[in-house]
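Inspection log for the structure reproduced underneath, given as C-alpha cells.
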Amino acid sequence: MAEGTPAWGVATGPDSLKEVVYTESELERRVQELGEAITGFYSDGKELLVLGLLKGSFIFLADLVRRIRRPLHVDFLVASSYGDGKVSSGEVRLLYDPNTRLRGRHVVLVEDVVDTGATMDRLIPLLQERGAESLEICALLHKRLTALEKEPRWVGFDAPDEFLVGYGLDHAENYRHLPYVASL
Ligand code: IMP
Ligand code: MG
C-alpha cells in the first residue's frame with residue numbers, strides 16, 4: 001500500500017485493493033482548488049444550487065461545498081446504472097428526484113466519476129428542461145473514455161480506466177468510506 005494509507009485500509013472490504021490512486025492529501029488539495037474555481041466562476045448574485053448525484057458524490061460534495069465561499073443550497077438526485085457489477089449496464093434510471101426548483105438558479109451537478117458518460121448524457125437533457133440560469137458539471141474523476149454531450153467544467157483528476165473505490169465510490173456498496181481512492 002502507498003505511503004499515507006491507513007493501516008486499516010486493506011481490511012475494509014471483501015476484496016483486496018490493488019493500489020492507492022489518489023491519497024487523502026491529494027484529494028484534499030484538489031478539492032480545495034475546485035472549490036476556489038467554482039467560487040470564482042459565479043460572480044453574479046444569483047442563487048447557486050449544488051446538486052449531488054447519490055450515492056457516489058456524498059463525500060466529495062461534503063468536502064467541496066465547504067470550499068465554496070458564497071451562498072449556496074445543496075440537494076441530491078439518485079441515478080443508477082451499475083447494479084452490483086463493475087461494468088456499466090448503460091441503462092440509467094432516476095430513482096429519486098426531489099423536484100427542486102432549478103429555474104433561475106445556477107446549478108452545479110456533482111458526480112463522483114464519469115465512466116461511459118451514459119449517466120451524464122441522460123441526466124443533462126432532463127435537467128436542462130428545468131430552466132436553470134446555468135448548468136455545469138463538476139466531476140471528481142473523469143476516465144475520458146468518450147466525449148460527453150456536455151463536458152464537465154471542473155474535473156478533479158483524469159482517472160485511469162480501472163475500477164476505482166473509496167471517497168464515496170463503491171463496489172457493490174463496499175469501500176465508500178475509504179478516505180482515499182484505490183483501484184480494485
Ligand atoms: P457512467 O454512466 O458509465 O459514466 O458511470 C457513472 C456512474 O457509474 C458513476 O456515478 C459511478 O457511480 C459508477 N462508476 C463508474 N465507474 C466507476 C468506478 O470506477 N468505480 C465506482 N463506480 C463507478
Ligand atoms: Mg456507484
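In each ligand, atom 1 is the first atom listed, and ligand 1 is the first ligand listed.
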With respect to L164, determine whether any N or O atom, backbone or side chain, lies less than 3.5 Å from an N or O atom of ligand 1. yes
Name all residues meeting the side-chain hydrogen bond (donor to acceptor under 3.5 Å, both in side chains) criterion together with D158; count only those two or more places apart in sequence or in a different chain, and write none if there are none. R144
G117 N/O to ligand 1 N/O under 3.5 Å: yes
Taking the inter-plane angle between the rings of W154 and Y42 on a 0 to 90° scale, is it parallel (under 30°), tilted (30 to 60°) or perpendicular (over 60°)? tilted
Can you tell which part of L169 has a heavy atom less than 4.0 Å from ligand 1: side chain, backbone, both or neither? side chain
So, applying side-chain contact (heavy atoms from CB on, under 4.5 Å) with V108, which one of L48, L51, L135 is it? L48
Could you list which atoms of ligand 1 come closer than 4.0 Å to a heavy atom of E111? 6 (C), 9 (C), 10 (O)
Please list, in number order, the atoms of ligand 1 under 4.0 Å from a heavy atom of K143. 16 (N), 17 (C), 18 (C), 19 (O)
Would you mind finding which of L123, L53, D112, T119 brings a heavy atom closest to atom 10 (O) of ligand 1? D112
Can you name the nearest heavy-atom pair linking L53 to E111, along with the distance? CD1-OE1, 3.4 Å
Inter- and intrachain pairs under ring-ring contact (aromatic ring centres under 6.0 Å, His included), touching residues 115-137, at least two apart: none
Is it true that a side-chain atom of T39 and a backbone atom of R69 form a donor plus acceptor pair closer than 3.5 Å? yes
What's the spacing between D115 CG and T146 OG1 if we round to 0.5 Å? 8.5 Å
E162 neighbourhood, listing ligand 1 atoms whose heavy-atom distance to it stays under 4.0 Å: 19 (O)
So for R122, does at least one of its heavy atoms come nearer than 4.0 angstrom to any atom of ligand 1? no
Quick check on D170 - does any of its heavy atoms sit under 4.0 Å from an atom of ligand 1? yes
